[in-house]
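Labels below follow one simple rule: chain letters A, B, ... track the order of the sequence lines, proteins then strands, and each chain is numbered from 1.
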Amino acid sequence: MSKEKKLAESTTFTDEMKTDIRKKKLWPYGEANKVLKRHDYNTDHIYTFETGFGPSGFPHIGTFGEIVRTEFIINGLKDAGFKTKLIAFSDDLDGLRKVPEGMPEWLKEHLGKPVSAIPDPYGECSSFSEHMNSKLRKLLEWMGIEYQFKTSKECYENGDFDEAIKILLSNYKMLEKIIAPTLSKETLENWYPFFPLCEKCGSVLTTVVKEVNLEDYTVRYACTKTHGEVQGCGYEGWQTALGGHGKMTWRVDWPMRWYALGVDYELYGKDLIESFKIGKRIMNQIFRTKEPENMFYEMFLDENGAKISKSKGKGLTVEEWLKYGTIESLYLLMYRRPRKAKELSFNIIPSYVDDVTSLSANYHSNSHPEEHDFNFITRFQGKEKTFPGISYMLICNLMTALKSDDKKLIKNYLSKQKELTEEDIESDFLNDMIEKASRYYHDFVTAKKPEFELSNEDIFLMGQFVGLLYTELTSEEIHNAVYTIARDNGRNPRDFFKIIYLVFIGQDRGPRVGTFVKMIGQEKTIEIVSNAIKSFLSAESV
RNA sequence: GGGCCGUUAACUCAGUCGGUAGAGUAUCUGCCUUUUAAGCAGAGAGUCGCUGGUUCGAGCCCAGCACGGCCCGCCA
């Protein structure tokens, strides 16, 4: 009885959800609809997404982008009431081909071994790949992304892939037919879809299969191949192809994962388009099932338009972006046009931060906020997020003009120029933004603070100036006082301004003196100047 | 040889169901009696790569073309 009722409810719900999400056009919804259609909008199915990661180097911004972009689609599904799962898969059985730049030379003796069998060069984790995995996981956890972590090693060893391996090896001829067109003649001669792990030297890159027994899925192999700098040790023996004693070759490994893990969707970089096509054929012809729904994304490029690579370690990192930009700005970077190559450099960060602010305003005044970019870049927390309309670039400019990144000062200035509530001024968002703009200002805008000296006459002038401040003045009066004092003492006003700025903020330039003094308050100004002069005098007398 | 992406103001880029083309920077004008990657107010600036198609209506959808860039054609 209750079961029937439940079913009826669930069906009605499904129809509503179908029509609702089908109408939506933003790219993550487009992808969501592809994957929903695959299971006829079934609300009980757990829609499974995979992202791949090669732990032979540090995770770069592209790896991170793949996960975030996948999460956009997942969040669209979740928001519509569907169940999802994200598998972050680390291929830690991949053999190390060369010592990555900046890593110790002793790694050379481990070339050819799976990265999970190589010690951590930084001595922090149980293996090379563990180190890379932990870097990625730390980031994902910090961001609160829900995912299931799987590694190649554990899946092979658990036997999760055994059934798939049996199917692949039993269909060797068909497999060869699919792969052959992509291989050179020489490679094809000794080609076999399985690389045993050499029992003697531990290499996975140098073994060649000589004979196969399909009764028990064992292979006879010889460790005789040369792969780049790695040479086989010459060992020969029998080995089972199951249970993690080797791995399938790359183009075969990928579809095998789709099959074994039930992957419904995967994003991949443009460089893997050809590999995906092979994987698709393997899925269709050997596993006799449909390949995952999918989309490829464009590469991130460095400032010179070159592809960012793991081995070279170039390009902007996620950490670097977050040092200067808000988390939402990074999400926006990933959200916008995944299929357009983007050149990454520090100077694009301010505009992304400010775009988030305008998107926020747009979202909160929009007639149909239910389908809005802002939902994705806030991970569907848009309603709770209102960003005060303060420009990051304005803050940078203010800091430059004021030659100071003092938070209170900046806030004070902002509150004079813009209409901001007390809440806005004290918001975490503004604090965060000022801190980030401050770093940007320090690292990209400012120069070193010049050292300066004051003559007795300079100090005398400052004394006169401060003396006036005991009376309440307007900003104009203060400003004019600078001229008056300078002229009365036969000094160039320009020089006096310079002295004032040096005493105020240690720079020879700054904002308009009158407004600046009013901003920090006359009393406070007196205090700052008096202290500065005192400390200068005491330093002088030593 | 195969495939993909891009082309919107001088520059960098947005463009949310197909409904009068947007921002920042730069330029020009005015204002603030030093200066700054200043600030404020305003202005000019685009046949949305080209050609055709669908539509009452196209930057957006479809086809073809041109130019630019990238990936694959080693290995994983």
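In this structure, A:W191 places its CH2 atom 11 Å from P of B:C75, rounding to the nearest Å. The interatomic distance linking A:W250 (CH2) with B:C75 (C1') rounds to 12 Å, in whole Å. Following rounding to the nearest Å, A:Y352 (OH) and B:A23 (P) show an atom-to-atom distance of 18 Å. Atom CZ of A:R251 and atom C1' of B:C75 are 8 Å apart (whole Å). Between A:W254 atom CH2 and B:A76 atom P the separation is 15 Å, expressed in whole Å. A straight line from CZ of A:F276 to P of B:C4 spans 14 Å, rounded to a whole angstrom. Rounded to whole angstrom, the span from the CG atom of A:L272 across to the C1' atom of B:G73 amounts to 15 Å. Nucleotide B:C74 holds its P atom 12 Å from the CG atom of A:L188, rounded to whole Å.
Across the C1' atoms, B:C60 and B:G15 are found 9 Å apart, a figure rounded to whole Å. Look at the C1' atom in both B:U16 and B:C28: the space between them is 34 Å, to the nearest Å. Comparing the C1' positions of B:G57 and B:G68 gives an interatomic distance of 32 Å, to the nearest angstrom. For the C1' atoms, the distance linking B:G3 with B:U54 amounts to 28 Å, nearest Å. Rounded to the nearest Å, the gap between the P atom of B:U20 and that of B:A41 is 27 Å. Comparing the same atom, P, in B:U34 and in B:G59 gives a spacing of 48 Å after rounding to whole Å. Comparing the same atom, P, in B:A43 and in B:A23 gives a spacing of 11 Å after rounding to whole Å. For the C1' atoms, the distance linking B:A37 with B:G24 amounts to 13 Å, nearest Å.
Cation-pi geometry between A:R257 and A:F89 is met: the NZ or CZ atom falls under 6.0 Å from the ring centre, inside 45° of the normal. Judged by the 6.0 Å and 45° rule, A:R339 forms a cation-pi pair with A:F296.
When both pairing distances are held under 3.5 Å, B:C75 makes no Watson-Crick or G-U pair with any nucleotide shown. Within the shown strands, B:G39 is the pairing partner of B:C31 under the Watson-Crick or G-U definition, both distances less than 3.5 Å. The pairing partner recorded for B:G22 is B:C13, the criterion being a Watson-Crick or G-U wobble arrangement whose two distances lie under 3.5 angstrom. Checking B:A63 for Watson-Crick or G-U wobble geometry (two distances, each under 3.5 Å) identifies B:U51 as its partner. Using Watson-Crick or G-U wobble geometry with both donor-acceptor distances under 3.5 Å, B:G68 finds its partner in B:C5.
At a threshold of 4.0 angstrom between heavy atoms, the contacts of A:D373 with the nucleic acid are absent. Within 4.0 Å (heavy atoms only), A:F296 reaches sugar-phosphate atoms of the nucleic acid but no base atom. At a threshold of 4.0 angstrom between heavy atoms, the contacts of A:Y29 with the nucleic acid are absent. Counting any heavy atom pair closer than 4.0 Å across all strands shown, A:L359 reaches no nucleic acid atom. Within the nucleic acid shown, A:K270 comes within 4.0 Å of at least one base atom, counting heavy atoms only.
A salt bridge links A:E291 to A:K280: at least one charged side-chain nitrogen sits closer than 4.0 Å to a carboxylate oxygen. Checked for salt-bridge contact, A:K153 and A:E157 meet the test: a charged N lies under 4.0 Å from a carboxylate O.
Between the side chain of A:S129 and the main chain of A:P55, no donor-acceptor pair closer than 3.5 Å is present.
For A:Y440, the side-chain atoms get nearest to B:A37 when compared with the rest of B:A76, B:G69, B:A37. Considering only the side chain of A:I273, B:G3 comes nearest among B:A76, B:A14, B:G3.
Phosphate contact (OP1/OP2 of B:U7, side-chain N/O of A:R337, threshold under 4.0 Å): present. One finds no side-chain N or O of A:K342 lying less than 4.0 angstrom from the OP1 or OP2 phosphate oxygen of B:G6. Taking side-chain N and O atoms only, A:R336 has no distance below 4.0 Å to OP1 or OP2 of B:C13.
Note: A:Y29 and A:F376 meet the aromatic proximity criterion, with ring centroids under 6.0 Å apart.
Comparing A:K340 and A:K277 against RNA chain B, the residue whose closest nucleotide sits nearer the 5' end is A:K277.
Taking the side chain as every heavy atom from C-beta outward, A:L330 and A:I377 never approach each other to under 4.5 Å.
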